Amino acid sequence: MADQLPRREAVVLRGHEGPVLAVRFNSDGNYCISCGRDRVLCLWNPQKGLRIKSYNAHAREVRDVAVVADNSKFCSCGADRQLFYWDVPTGRVIRKFRGHDSEVNTVKFSENSTVIVSGGYDRSVRAFDCRSHSIEPIQVIEAFSDSVTSLCMTRTEIIAGSVDGSIRTFDIRAGRYCSDDLGHPINSVALSHDGKCTLAGCLDSTLRLIDRETGDLLQEYKGHINKSYKTDSCLTNTDAHVVGSSEDGRIYYWDLVDSSVVSSFKAHASAVTSIAYHKTEPMLVTSSIDGTVRVWTP
Amino acid sequence: MGRGDDDGSALVVYGTPLENSDELSARKRAKALDKGTLRQQQPVWKQDARDSEGRRRFHGAFTGGFSAGYFNTVGSKDGWEPKTFKSSRGSRADMRQHSAYDYMDDEERREMDSKQIGTAQEFDTFGFTAAEYARREATQETNRYALFLVIFPQDLRSRPAVIPGFVPDEIIVPPTDSIGVKLLRKMGWRHGRGIGPKHIAASSEVKREGRKAMLALASAGSSSQDAGPSLEDSETAEEQLDLPPTSVPDFVRKIKDNVHGLGFDPFQSAPEFRHAKDYRLDDDKDKVKRRTLRPNAVTMSKGFGIGALEEMGDEDEDVYATGPHPEMMVLEDEELERLEKIEKKAPPRPRLPTVAVGKDALPGFKLASENTYQAEWFHPPVVPPDYVPVHKFVAALDLSQSQSDNAPLEAPQPEDKTLVKLIDGMAILVARSGTQLEALSKEKNKENPLFQFLFGGPGGDYYTRRLWEERSKRGLQIQSNRDRPKLGASERGQALGEMPLQKSALPAIPAEDRARLQATLNNTFMKPSAEPTKTNRLPFEDDPAKQARYEQFVKDKYTGGLRKMNKGAQQLTEAQRAQEILEFEAVAHAARGTVSSSGANLLGKLAASSDRFTSGGVEQAGKFVKSIEEQQSPNQLSVPSTNYAPQPSTSLSYPRRTEEPWRPLPLLCKRFDVLDPYTGQSSLAKPKSRIESLTLATPSESLFSSKITEALGSAAKDEEVQRESTPPVDEGEQQEPEEKIAEKPVDLYKAIFSDDEEEEAPSQPVKNVDAANAALTRLVADDFLESLGKELGLAVPPPMPVPVKAPEDSSKGQTTQDTSGGQPEDISKGQTTEDTSSGQPQDIPKGHIKFVKPSRKGEEPKADIQKERDEKAQAKDAQYTSEPEDHATTKDDKDQRRSRDKRKDKSRDRREESSKERSKRKRRERKERHKRHKSKRRRTSSSTSSSSSSPSPSCS
């Protein structure tokens, strides 16, 4: 099992001038899109290592990007406080949503791709409608007491992690929200593929696995360094391992159950900013401050 | 026109002198008058200004005003004609720029024109065709020459200075050779030849033809001209061959093969490139060769060139390129070849040794045997022999030295104390600052005998030893500095004296839970104690098994960690085990305390305590333990237990889950394909704020409500009293807003006081709300009344319980107009006197006003309705206390009421108003009552309202 983990560097995607802040797979995992401090979004073929297209419109650094389920559009956000809704083939901005009052940290699409949900430094989560022509948010959730760093979406829920140390789950169907206070600033939030657990990367160099049902702490994963950078964490496609990125450029794999470090390797020269795991295959893309995006396969 | 001519002097006079009338003859005078120069003779009004053409410049007021006629200037006979406005919108393109010229009259224009420089007719060479002119001139000249020859055969050279009279004017033309012709002639031009640019501007075609012709001539061998290969040579050859120039340029039909506009000549200002172009176009066969020679675009990109994206066109040669033009070189090359071909027949002539053109030398030039140009060559800097390319840091060096060096041998101190001191100080300094200092001091103190130890003199060994010692010390320090871990946030905080963050769960847990937690933790874990105590005494001697367990406990205690289950304790129950552990803990603590507290009395104390324990047995020990535990526990709990394993505490504190309702907006639900959980609700119910809950809670406080119920009994009476006792102040404006304010809390009070109805009026179906309202008002009014009564010097009556009164009133029946109580009557009387003194009718008590005021406008219709209802409620009304009141139906009464309204006290009114906001029903009932009284009054009372009629305390 452990030897199936992607540890071999398949391709290095070079093209960004400056730190790459996020990398995301598209919905089928054939392409990935990255964004960085150079205000450019790049669409890559990670298998071949080709840069397919680059998208320029942002005025400041781009912090996150999310792709629509049908891969025809994507949405990016960044320090220019706006959300850009792009058309993939033409590279044109379809809409610029009036985003947040300050930097936007994270953006996600709802499962049916009709709503863009974003979280920002202004301590709010905002939902934007892709279907209407309005650029105003359809809902502003201001339940947080600090910057919202990461978002996750299920079919009817918005899960947001914030620097105030809480994971807040907004259940739209039930009309309730529950807040799980972890006591440490939360850097990243990821869902397990069965949707029952939340993996939260905390700034005390610990990943915590939370049972969504009860809010219990199931496991803690330690060993990596994460104290100041915004990094990512996720689970592998099989949910057997937890993947975390470290500020020293290493990637860590933990066993989900016994939280032992299964493997770790040096992936980048400097801090890893973002990771994304392929939905179906053992394939990992990582982005780093060193300006590269690397593709890892077993 | 001056007189300078006469005098012959150099005086020049400008202007027209005025003539003295005395000196003038009549005729002259008339002439002068006519001319206008004679001024004195004419009166001023007859003099007028005329311009140089004799036109009047100024006109009288009746003849057109100041120069305003149409004679001289503009306008019409009638004066200035205003122009009708004409929009220039449609003819903007026709708008032309006006120049100053347009506004000038002919004089000014002439003047202006005179300033312009133009070619005089006589110098105008090109006024007509120069050739024609020249031809004519030539014929004339020949004619003239012929004449001259005929007339003055002896003088050919000189031109005739004096022309004899018989020569006609047509024949004798003045020598009008224009300057241009002269110049041309000087340049070698002769009559009959065309003019125009010959050398530079001549088309290449012409040149080529000429060159061909020249070459042809050269090939014929007759020419002495050395046909040089260069262009200049060909030019000169052409000139010398004296080809017949044509006055008309040769228009050679050329196929237009470019994309320029018709007639555009790209080489107009740069004809030197034309050749290149022509040659390129002409010689297709040579193209291949030229291509090889032709430089690539790379060489073109010097200086100003074309853009990077433009393709190199033929015209886009880099005109700024320096050096020999490659195209030129090609051309020369070709020319050479061609010439050689042509000159095959020609006799060989000495030729300059031409090296391959385009390689090194120009044709006609020889390569120099030695190159005079030498690139300046600088020798590389000399690296000093002691240069070390790698920099070594002093500290590291020192460190490594100190570590690697073998310790120098121990040296004895020199006898001289000062020297020892000096050496010590020097060693410390050198160790701190590095060897540079040593070198420096060596250099400085070469001659100083004191510092001889530096040079291995006396004390040198000791110095080296000391230095080594200091270095090693220092190295250790540095190392320890390096080894010291980085400060964490908590350490830094401690250093800065900050309050440590409360990460522990303990403060967040309630006290009883905390105690429980502590107990369980104690059961499960144990603290490793600092120093092991000797277990030389046996506290549980009577129970060996227990003693064994205790010993085991003590042993475990010093290791700490998870409590092990004692083998012996397995048969004990959980509670017993816990109890026992507590005991052990206490005993161990006591033993340790005694051990650590006193050293000397240790034995005796030990004995005593052991005595106690042995004698007291388990029970006593248990008590002791408990007391100790009680003493101990607060301390333990207050201190966040760092010794306990952190795992349970963190897991207990985090994660914490809280749930709250949250309303997703309908659109969001729609977009998420979810039914709105809050459908039907207009908006999310606001979370009840703390203030709101407080306002809700306050009236329901037991104290307050009891007060209210108490007050309810005396409500009616007090109200009346209050009304009467308040001084009259205008209050009409305040009615409406107060009504609104008072309406709000009705439901609230209703909810609270629903049970208090009975007390007020058992038989009266008045709404609870009203009762509550009244009660509240009264409560407030009580204080006010008291103060007011004091002010007025009246005794405020204590509230009279209604239940006592009510039967009394009912028994009295309708007809009784008497007072029902003494005290209220007194008050009313007192009031009455006051009122009468102010001259106002005061027979209507407050209770009456209350219902009248809000409905003052629509009183009559209401009254009609009321009448009907009155009849229905007649029976009920019989119970009520009669109120001898006037009713405001007559005109007088209305007036009275108005005036009375005005004199009401504001503050009283405010209170009253709040109570006035009772339900309609109450008002209705009151109305009924009043009506009844009115009818009564009609029957009984006199027209003037009786001042003696006192308002009886009515149950309001």
Side-chain angles (χ1 to χ4, degrees), chain A residues 109-117 126-132 134 136-143 153-158 165-184 186 198 200 202 204 206 208-218 220 227, chain B residues 485-493 499-509 517 640-642 644-689:
Chain A
F109 275 100
S110 69
E111 204 153 87
N112 53 8
S113 302
T114 53
V115 178
I116 298 169
V117 182
R126 287 166 195 238
F128 297 88
D129 192 358
C130 296
R131 287 194 174 165
S132 77
S134 165
E136 302 292 338
I138 52 176
Q139 180 147 23
V140 180
I141 306 167
E142 286 175 324
M153 304 289 290
T154 65
R155 231 182 73 74
T156 61
E157 285 158 310
I158 301 167
S166 67
I167 305 173
R168 283 166 213 256
T169 308
F170 299 91
D171 194 337
I172 294 158
R173 177 149 54 189
R176 293 186 70 76
Y177 89 83
C178 74
S179 157
D180 292 318
D181 194 357
L182 299 190
H184 296 281
I186 290 164
T198 319
C202 298
D204 60 339
T206 311
R208 290 182 168 86
L209 193 69
I210 309 289
D211 188 356
R212 289 191 54 213
E213 195 80 7
T214 61
D216 291 340
L217 177 66
L218 297 177
E220 290 188 339
K227 287 188 161 73
Chain B
K486 274 187 186 171
L487 285 176
S490 55
E491 283 92 352
R492 271 201 302 272
M499 281 280 285
L501 285 173
Q502 293 272 325
K503 280 272 175 64
S504 161
L506 284 174
I509 300 170
L517 168 69
S641 55
T642 44
Y644 294 107
Q647 178 74 21
S649 72
T650 49
S651 66
L652 275 167
S653 63
Y654 294 113
R656 283 194 294 249
R657 170 162 281 207
T658 49
E659 276 197 53
E660 273 178 51
W662 166 71
R663 168 136 205 202
L665 292 180
L667 183 58
L668 191 70
C669 298
K670 195 180 162 193
R671 290 279 175 264
F672 272 84
D673 295 333
V674 169
L675 273 179
D676 187 1
Y678 292 86
T679 32
Q681 296 178 22
S682 60
S683 64
L684 184 63
K686 276 182 197 167
K688 282 170 186 168
S689 71

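Lettering of chains follows the sequences in order, A, B, ..., and the numbering in each one begins at 1. FYI, side chains are in, hydrogens and waters are out, and symmetry mates aren't considered; it's all heavy atoms of this structure. These numbers come from a predicted model, not from an experiment.
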(request) Can you tell which part of A:Asn112 gets under 4.5 Å to a heavy atom of chain B, answering side chain, backbone, both or neither? (result) side chain

(message) How close do B:Arg657 and A:Asp211 get, counting heavy atoms only, and between which atoms?
(response) NH2-O, 4.0 Å

(message) Please classify the contact between A:Arg155 and chain B as side chain, backbone, both or neither, with a heavy-atom cut-off of under 4.5 Å.
(response) both

(request) Name the region of A:Ile141, side chain, backbone, both or neither, that has any atom closer than 4.5 Å to a heavy atom of chain B. (result) side chain

(message) Quick check for you: among B:Asp673, B:Leu665, B:Leu667, B:Leu675, which has the greatest number of heavy-atom pairs under 4.5 Å with chain A?
(response) B:Leu665

(message) Please classify the contact of A:Thr214 with chain B as side chain, backbone, both or neither, using a heavy-atom distance under 4.5 Å.
(response) backbone

(message) For a quick test of reading the model, state the closest non-hydrogen atom pair linking A:Tyr177 to B:Trp662 and the distance between them.
(response) CD2-CB, 3.6 Å

(message) For the CD atom of A:Glu111 and the CD atom of A:Glu157, what is their distance to the nearest 0.5 Å?
(response) 10.5 Å

(request) Can you establish whether the number of heavy atoms outside A:Glu213 located under 6.0 Å from its atom CD is more than 12? (result) no

(request) Pick one of side chain, backbone, both or neither for B:Asp676, based on which atoms fall under 4.5 Å of a heavy atom in chain A. (result) neither

(request) Using modelled atom types only, decide if a donor and an acceptor are shared between the side chain of A:Gln139 and the backbone of B:Arg663 within a distance under 3.5 Å. (result) yes

(message) Heavy-atom pairs under 4.5 Å with chain B: which of A:Thr114, A:Asp129, A:Thr156 has the most?
(response) A:Asp129

(message) A quick test of your reading: do over 12 heavy atoms of other residues, nucleotides or ligands sit less than 6.0 Å from CZ of A:Arg173?
(response) no

(request) Kindly say whether A:Arg168 contributes a backbone atom to a donor-acceptor pair with the side chain of A:Ser166 at under 3.5 angstrom? (result) no

(request) Heavy atoms only, distances under 4.5 angstrom: which of A:Asp216, A:Asp171, A:Thr169 has the most pairs with chain B? Name it, please. (result) A:Asp171

(request) Pick one of side chain, backbone, both or neither for A:Ala143, based on which atoms fall under 4.5 Å of a heavy atom in chain B. (result) neither

(message) What part of A:Leu182 gets within 4.5 angstrom of chain B, counting heavy atoms only: side chain, backbone, both, or neither?
(response) both

